[in-house]
Trainee: 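Please see the structure below; I have some questions.
The model shown is predicted, which means the values in this text are computed figures rather than measured ones. Letters A, B, ... mirror the listed sequences (proteins, then strands); counts begin at 1.
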Amino acid sequence: MSDFEPKIIGFCCNWCAYGAADLAGVSRIQYPPNLRIIRVMCSGAVDPCYILEALTKGADGVLVGG
Amino acid sequence: MELARHLNVNIITNAEIKQVQGKAGNFLVTVVKRPRYIDLSKCTGCGECARHCPTITLDSYNQGLTRRAAIFIRYAQAVPHAFMIDREQCIGCGLCEKVCLAGAVNYAEQQEEDTINVGSIILSLGNRVFDPRLNFEYGYSRYPNVITSLEFERILSATGPYRGNLFRPSDREIPQRIAFIQCVGSRDELHNRPYCSSVCCTYAIKEAIVAKEHSPTTLDETIFFMDMRTYGKDLDRYYERAKEEHGIRFVRSKIYGVDEVDGTGDLAIKYVTEDGAVTTEDFNLVVLSVGFEPSPQVIDLGRKLGIQLNKYGFCSTSPFSPVETSKPGIFVCGTYSGPKDIPETVMQASGAAGSVSALLAPSRKTLVKEKVYPPEIEVDGQEPRIGVFVCHCGINIAGVVNVPEVKEYASTFPNVVFADDNLFTCSQDTQEKIKQKIKEHNLNRVVVASCSPRTHEPMFQETLREAGLNKYLFEMTNIRDQCSWVHMHEPGRATQKAKDLVRMAIAKARLIEPLRQLSLDLNHTALVIGGGIAGMTSALNLAEQGFEVHLVERSSELGGAARQIHYTLEGGDVQSYLADLIQKVTSHPLIKIHTNVYIVDASGYVGNFTTGLMVERTKYIEAIKHGVTIIATGGKELKINEYLYGRDPRVLTSLELENEIVKGNPQVTSCDNLVMIQCVGSRNGERPYCSRVCCSQSIKNALKLKELNPKMNIYILHRDVRTYGLKEEYYQQARQKGVMFIRYDLDNKPEVRTVREDNRYLLEVHLRDPVLGEELIIDTDILALAVPIVPSPEGRELAQLYKVPLNEDGFFVEAHVKLRPVDFATEGVFMCGLAHSPKSIDESIAQAKAAASRATTVLVKDTILAEGIVSSVNEALCSGCGVCEVLCPYSAITVDREKRVAEVNEALCKGCGTCAAACPSGAVQQRGFKQGQILSMIAAALEVS
């Protein structure tokens, strides 16, 4: 398991979590590059089917930030 | 950023005012621009220069706790986002010039003078903080672990000297016991700073709470204070939470001194508490809550402009014109006119802008720059032709991510007809290049892989519009903030991630469509609800700007709560001001006054509201159409049946006492003993807020009584004396004149009894004196109660009609406490006065002008452009189930009961997409974030490796 590299899809709200991810960058906080963020205008817009689609297409995890 | 991007705001930094000539409406201002040695039009803020600069100096932004290069940018969000050279530190080696790929360094730059013609001037010169070295006994600068609150603020910041780790300066150890000393350079006559700095109590609590969040261990924190002045909206709750939930200890005390405990870096604080006990306690770190003072530079500028300053150098203002200086056409806002917090400052700033708008209304729109765009190119039905622009961002991206490789990769995808990489995709020349490439390759979609769309998307969209493309044919992906900057040590995997992100953006770009922005007509009339000082001030300001106003008052006459106030603490004559204001409002041709009126109905949205008014006791309803709504429904004194109020005629409220004083009732003015009890029915479980004005109100009455009858014994029983800002001066005056201030606690409240003695009933006040530690009995002639201010009950109805929120105390809730203090989250609706929270007359006036000013930003528009990212309904799929209607936070979607389909009001829709996610049949789609578009990104993200 030590070389397991999960593929994570993130849905981030433009007004908060996406901004937080930007701030992590501005603050040069380092984290592993396994996350692919998709910007949404509100975490309320994350249709459950997006999460299922991501998982069935091979994502190991889904992060919804809002 | 918003300001920097604004077409009609010209920002001149690194400059000072040399001279001002002329008068209101026509000033000539001579500005001296100091050289920056950096060409603003070229510098992209990449920071390569600073990395090569060999000179190191103290970083003033981090309060000297860190170092910076001689070429520097003050902080990450600085506007303009460009470097400058500190020539006092620069050794002129020329390295920065060599490494600057943008060619922005110019050592030869000279000081320049410029003359600007303006109609009006707003001074927002601010303050600096007190230098605590003047308080020798606190040990600042002698002991490294005695720091100022501003230094502590930087220590707690993620961009601060220790990257947000809670360390103390001397040894980078984690402190476990921290002390805050309040009123350093405030309420201090010895150092000629007798005023209260207004914000330190609250900021000390904030820092103490934040420190707890940052601390890896249990942290003991103590705040040493005289009076806890958390008088602002909701701040008393914050104080209570600090005690109850966070366990912060508050010690009412005076500090004798701070000494270092030998060899440990720890500090011993010697203090005396109320009961006279002297204690010494050790702490690992001591934070001095330093106060405000005007700097010599701003005092000089004030003198140069010829405006009146007070004895401390703050700009003088009158209680009825809080944003005006003594010189017509020159306005003031913020701490330059006295210490105040951010919400107050922002209100004053909008208020000053409102005053300027009224002054310059005749010349409105004469100098406004407006952009003209080419007609939009039709792209419907065309095969996507995508252009991809990958940014190096100097070395910010290219230093980690292999940018040329990403560009090559992008060009391999179907529909991508052009791919390029640029040193700075945001630079002016690249914008020109993007426009040229759109034309050359007939691009109909553009993808930019660079920084954050949150900061740069509007700029690129602007470029698209200039090239004739709909601005929504743009997709941006973030390979800097969310890639190169956070994976600095993994260039290979960062490059892979950048490729994935670009692939996802291209996948979505294939599916994006042009969106139209609905242009809506706008009604240029304002509705102001409430005819008190706040409502009338708003109405008058709007009318002076040339807008029609309906002013609606529930009762039969204008004036509101101010009708019961006769003079201000500073001595202003409220009744003559009120009479003058009423006269101006009633005689203004643009103001239509409706008295004795209920509001029974409200509908619509920003620019197009309709409100139904019903004249009292009739069924007649008049519908008013208006573009904006200002709610100024005010508040009133709550009569509390405590301490024999209502049962003994000698017990009055503060306002009733004021009225008796003005009437000259000898029972009041000639009495021997008079007691005032503060916080009656406030700051308790039922009403856990401070009414802000009562301390000043009681002191005002006490001073007036002492003036009329110096022999009168006046006792003010209080919990904290909250004479914030420059009001502190009157507290001192009252003490000098012999007014006795005795403190009590909520769990040890005074008791009031009537005791029969001979043929009369004595009114006795019993309490425990915390200084003497003994029971006191005061035989009083008059008892005045400082009762709370409560919002007027009609606020509750209006909250429902206009769908705007109230807090637990019944006051209206603003969109953002600090940034939007007079706006509701609902666009086009604003608030001011006591309906927002308890406040003094000058604060109400400033806020009323602010509300008018904010309303003007809507009213000046010819039309309103709705956002393009809105929801749309496919009627064929919609079953009219109404899930969307229930969930929509903006009430923008309604189900047509007859057609059984949902309909979106695009003017109200904020494009959050909640309806689309909830729709069980997929009938609702969020434009710009359609299901197919998001699914394409998910598929692309998981396509390879």
Trainee: Given heavy-atom pairs under 4.5 angstrom as the criterion, report whether the side chain, backbone, both or neither of A:Ile9 touches chain B.
Mentor: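 For A:Ile9, the side chain is the part near chain B, not the backbone.
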Trainee: Could you state the interatomic distance from NZ (B:Lys910) to CH2 (A:Trp15), rounded to the nearest 0.5 Å?
Mentor: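 Rounded to the nearest 0.5 Å, the NZ-CH2 separation comes out at 10.5 Å.
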Trainee: Could you have a look at A:Leu35, A:Val40, A:Ile29, A:Ile38 and say which one has the most heavy-atom pairs with chain B under 4.5 angstrom?
Mentor: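 When all of A:Leu35, A:Val40, A:Ile29, A:Ile38 are compared, A:Ile38 has the most.
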Trainee: Ignoring hydrogens, what is the shortest heavy-atom contact between A:Val26 and B:Trp485? Give both atom names and the distance.
Mentor: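 Taking every non-hydrogen atom into account, N-CE3, 3.7 Å.
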Trainee: Nearest 0.5 angstrom please: A:Asp47 CG to B:Thr914 OG1, how far?
Mentor: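 So the gap between those two atoms works out to 11.5 Å.
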Trainee: Check the pair B:Val486, A:Arg28 against side-chain contact (heavy atoms from CB on, under 4.5 Å), reporting the backbone distance first and the verdict last.
Mentor: CA-CA 6 Å; B:Val486 289; A:Arg28 304 297 196 277; over 6 Å; no
Trainee: When you compare the side chain of B:Gln496 with that of A:Pro33, does any pair of heavy atoms fall below 4.5 Å?
Mentor: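 Not touching, per the 4.5 Å side-chain cut-off.
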Trainee: Closer than 3.5 angstrom, by distance alone: can the side chain of B:His487 be matched with the main-chain N or O of A:Gln30 as a donor-acceptor pair?
Mentor: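 It does not hold such a pair.
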Trainee: How many angstroms lie between CG in A:Asn14 and CZ in B:Phe929, if you round to the nearest 0.5 Å?
Mentor: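 Interatomic distance, A:Asn14 CG to B:Phe929 CZ, rounded to 0.5 Å: 7.0 Å.
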Trainee: Rounded to the nearest 0.5 Å, what separation is found between the CD1 atom of A:Ile8 and the CG atom of B:Leu942?
Mentor: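 Output value for this atom pair is 11.5 Å.
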Trainee: Mind checking whether A:Met41 and B:Glu867 have side chains closer than 4.5 Å, heavy atoms only?
Mentor: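 No. Closest side-chain heavy atoms not under 4.5 Å.
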Trainee: Please check if the number of heavy atoms outside B:Arg163 that lie under 6.0 Å from its CZ is greater than 12.
Mentor: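 Count not over threshold, so no.
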Trainee: Would you mind reporting whether B:Gln931 and A:Cys49 have side-chain heavy atoms less than 4.5 Å apart?
Mentor: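 Heavy-atom side-chain distance check passes, below 4.5 Å.
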Trainee: Got a second to check how far A:Arg39's CZ is from B:Thr477's OG1, nearest 0.5 Å?
Mentor: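 Going from the CZ atom of A:Arg39 to the OG1 atom of B:Thr477 covers 9.5 Å.
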Trainee: Give the member of B:Arg480, B:Lys497, B:Glu490 that has the highest number of heavy-atom pairs under 4.5 Å with chain A.
Mentor: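 Greatest number of close heavy-atom pairs with chain A: B:Lys497.
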Trainee: Thinking salt bridges, do B:Arg493 and A:Glu5 make one under a 4.0 Å N-O criterion?
Mentor: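 A salt bridge is present here (some side-chain N lies under 4.0 Å from a carboxylate O).
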Trainee: If I measure from the heavy atoms of chain B, does A:Phe11 come under 4.5 Å with its side chain, its backbone, both, or neither?
Mentor: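 When you check distances to chain B, only side chain atoms of A:Phe11 fall under 4.5 Å.
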Trainee: Please state whether the side chain, the backbone, both or neither of B:Glu457 comes within less than 4.5 Å of a heavy atom of chain A.
Mentor: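 Just its side chain gets close to chain A.
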Trainee: For A:Pro32, is it the side chain, the backbone, both or neither that has a heavy atom under 4.5 Å from a heavy atom of chain B?
Mentor: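 Contact with chain B: backbone only.
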Trainee: Look at the side chain of A:Arg36 and the backbone N and O of B:Leu501, then say whether any donor-acceptor pair between them is shorter than 3.5 Å.
Mentor: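 Checking the backbone N and O of B:Leu501 against the side chain of A:Arg36, no donor-acceptor pair under 3.5 Å is found.
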Trainee: Would you mind telling me which of A:Ala24, A:Pro48, A:Gly19 has the largest number of heavy-atom pairs within less than 4.5 Å of chain B?
Mentor: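 Max contact count across the listed options: A:Gly19.
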Trainee: Considering all heavy atoms of both residues, which atom of B:Cys912 and which atom of A:Ala45 are nearest to each other, and what is their separation?
Mentor: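 Scanning both residues, the minimum pair turns out to be O-CB, 3.1 Å.
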Trainee: Checking B:Gln482 against chain A: side chain, backbone, both or neither under 4.5 Å from a heavy atom?
Mentor: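 Both parts, backbone and side chain.
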Trainee: Looking only at heavy atoms and a cut-off of under 4.5 Å, which of B:Lys508, B:Gln926, B:Met504 has the most pairs with chain A?
Mentor: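 Winner by heavy-atom pair count: B:Met504.
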Trainee: For atom CD of B:Glu827, is the number of surrounding heavy atoms from other residues, nucleotides or ligands below 6.0 Å larger than 12?
Mentor: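 Check fails, neighbour count at 12 or below.
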Trainee: Atom OG1 of B:Thr455 and atom CG of A:Asp22: how far apart are they, to the nearest 0.5 Å?
Mentor: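 Spacing of OG1 (B:Thr455) from CG (A:Asp22) equals 7.0 Å.
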Trainee: Heavy-atom distances under 4.5 Å only: say whether B:Met488 touches chain A with side chain, backbone, both or neither.
Mentor: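 Both backbone and side chain of B:Met488 come within 4.5 Å of chain A.
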